[in-house]
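Only a predicted model underlies this, so the values are computations on that prediction, with no experimental measurement involved. When reading the values below, keep in mind they use all heavy atoms of this one structure, side chains included, and skip hydrogens, waters and symmetry mates. Just so it is clear: chains get the letters A, B, ... in the order the sequence lines come, proteins before strands, and each one is counted from 1.
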Number of protein chains: 2
Amino acid sequence: MRLSKKGEYAVRALVEIGFEAHLRPNSLIQISTVAQRTNIPEKFLEQILLALRNGGVLKSKRGVEGGYSLAKDADEVTLGEVIRLLDGPLAPIPCVSKTSYEPCSCPDQESCGLHIAMKQVRDAIAGILDSYTLSRLIGEVQKHRTSKTTEWQFDI
Amino acid sequence: MRLSKKGEYAVRALVEIGFEAHLRPNSLIQISTVAQRTNIPEKFLEQILLALRNGGVLKSKRGVEGGYSLAKDADEVTLGEVIRLLDGPLAPIPCVSKTSYEPCSCPDQESCGLHIAMKQVRDAIAGILDSYTLSRLIGEVQKHRTSKTTEWQFDI
DNA sequence: TGCATTCTTGATAATATTGATAGACAATAC
DNA sequence: GTATTGTCTATCAATATTATCAAGAATGCA
């Protein structure tokens, strides 16, 4: 029942990118900067940001002064969307997935107890993650950061 | 965010064992029988049942007429307990796990957006699975089975 | 133009996890 | 004492995960 590092890094990087956009609208942020601030291996982060770009969450610009920025407003990006992009379906087992259903090996799905229970789990997870927007996340982070350390604000 | 085959098989096997106990109290059921009824590879199932036994969910008896049965009442076994035994913590990331916490690599956990969100996911998953008893599951399965096919009852 | 910068792409390596199999061993009932 | 059934340990193949490398392509600027 684990989120992969990819999914974890994706969310943390997005928060950083979204936070930057919040501080300096229309600015771009480089992979290397995000990697430094988040402790994510740079080359690995590269792949992740690319996936987010291809998934329509980020947009990018190459060359000097290039970098990444959000492709849409932060309140149109959900955690569910991000995690699905990097980690695939949210459902604990494929036979309860809405977005990518696959039958399981049990003799009869209708009477399969696991199926019945996991449908509820799936709905709970999707309910939380699909309604959790990046902007909400950034808001929470901001609250913590600004209340805790002031010098941080100048550190950027 | 996936449940492993081990976890999946464990639940399905337990339902089968519990169902048997419900039909014939004090009876034992053999690995091979469970394997046949559930389509689970027998030798793999062996390991799983062993883990459940060592975890206190099942008890066993060797030799002729031996087999497995529940070690406690079906309404004292929860899905959360079973899945933790086979798959480890329910938490999507270790830094929000209550049963086996581990710090993550993010610069500051308190202000980590992922942390904040995943705590909610963890609570939702645990809330469902830790209150979902085996007896409830068996009840659901029984409803489906008896309402759907009658011949099945004699098939055992 | 040429050059530095930055993202893009594909390949590859290292490691961990998963799913599964094999075989020797121990207990039980008859 | 023998057939049956669970116990335990080792091992394996396949796959997924995590991460790195290197060559390439776009961009801006001198």
Side-chain angles (χ1 to χ4, degrees), chain A residues 1-10 12-13 17 20 27-36 38-55 57-71 83 85-89 92-94 102 104-105, chain B residues 1-13 17 20 27-36 38-71 83 85-89 92-94 102 104-105:
Chain A
M1 307 284 277
R2 277 278 196 338
L3 184 72
S4 75
K5 285 283 174 191
K6 265 188 190 167
E8 179 189 328
Y9 291 166
R12 283 180 26 208
I17 295 172
E20 181 75 14
S27 69
L28 297 179
I29 186 169
Q30 284 80 47
I31 295 179
S32 58
T33 308
V34 177
Q36 278 171 24
T38 55
N39 285 349
I40 300 172
E42 184 170 336
K43 278 297 188 174
F44 196 33
L45 179 61
E46 217 170 69
Q47 292 172 39
I48 293 163
L49 296 189
L50 203 55
L52 290 172
R53 192 199 88 111
N54 293 334
V57 173
L58 290 178
K59 61 185 175 188
S60 62
K61 190 183 166 195
R62 297 204 246 196
V64 179
E65 297 291 296
Y68 281 95
S69 64
L70 295 182
I83 292 177
L85 271 176
L86 276 301
D87 276 10
I93 42 177
E102 262 183 70
C104 56
S105 64
Chain B
M1 306 286 278
R2 277 280 195 336
L3 184 72
S4 75
K5 286 284 174 190
K6 265 189 191 165
E8 180 189 328
Y9 290 165
V11 175
R12 281 175 33 203
I17 295 172
E20 182 77 10
S27 69
L28 295 180
I29 186 170
Q30 285 79 47
I31 295 178
S32 57
T33 309
V34 176
Q36 278 169 25
T38 54
N39 286 347
I40 300 171
E42 186 171 335
K43 274 294 191 176
F44 197 31
L45 179 60
E46 198 180 287
Q47 293 173 38
I48 292 162
L49 296 189
L50 201 58
L52 289 172
R53 192 200 90 110
N54 293 335
V57 172
L58 291 177
K59 61 185 176 191
S60 62
K61 191 185 167 195
R62 297 205 246 194
V64 179
E65 297 290 297
Y68 281 96
S69 64
L70 296 181
I83 292 178
L85 271 176
L86 275 301
D87 276 10
I93 41 178
E102 261 183 72
C104 55
S105 64

Quiz item: Can you give one letter per nucleotide of nucleotides 15-20 of chain C, going 5' to 3': B for a protein heavy atom under 4.0 Å from the base, S for sugar-phosphate only, - for none?
Solution: ----BB
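- Of all heavy-atom pairs between B:V34 and B:L45, the closest is CG1-CD2, 3.6 Å.
- Under 4.0 angstrom from either OP1 or OP2 of C:dT8 there lies at least one side-chain N or O belonging to A:S60.
- At whole-Å resolution of the value, CD1 in B:I48 and P in D:dG6 are 15 Å apart.
- When the C1' atom of D:dT17 is taken as reference, atom CG of A:L45 falls 16 Å away, rounded to whole Å.
- Rounded to the nearest 0.5 Å, atoms OG (A:S60) and CG (A:L52) are 11.0 Å apart.
- Residue pairs meeting the salt bridge (charged side-chain N to carboxylate O under 4.0 Å, His left out) criterion with at least one member in residues 38-51 of chain B, sequence neighbours excluded: B:K43-B:E46.
- Going from atom CG of A:N39 over to atom P of D:dT18 covers 17 Å, rounded to whole Å.
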Practice problem: Produce a footprint string for nucleotides 24-30 of chain D: one letter per nucleotide, 5' end first; B if the base is under 4.0 Å from any protein heavy atom, S if only the sugar-phosphate is, - if neither. | Solution: BBBBS--
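- Following rounding to the nearest Å, B:E46 (CD) and C:dC25 (P) show an atom-to-atom distance of 16 Å.
- Rounded to whole Å, atom P of D:dG6 lies 11 Å from atom CG of B:L58.
- One atom, CG of A:L52, and another, P of C:dT8, lie 12 Å apart when rounded to the nearest Å.
- In this entry the distance linking CD1 of B:I29 with P of D:dT5 reads 12 Å, nearest Å.
- Using a 4.5 Å heavy-atom threshold, the side chains of B:L70 and B:K59 count as separate.
- Counting any heavy atom pair closer than 4.0 Å across all strands shown, A:I31 reaches sugar-phosphate atoms only and no base atom.
- B:Y68 places its OH atom 14 Å from the P atom of C:dT28, with the value rounded to the nearest Å.
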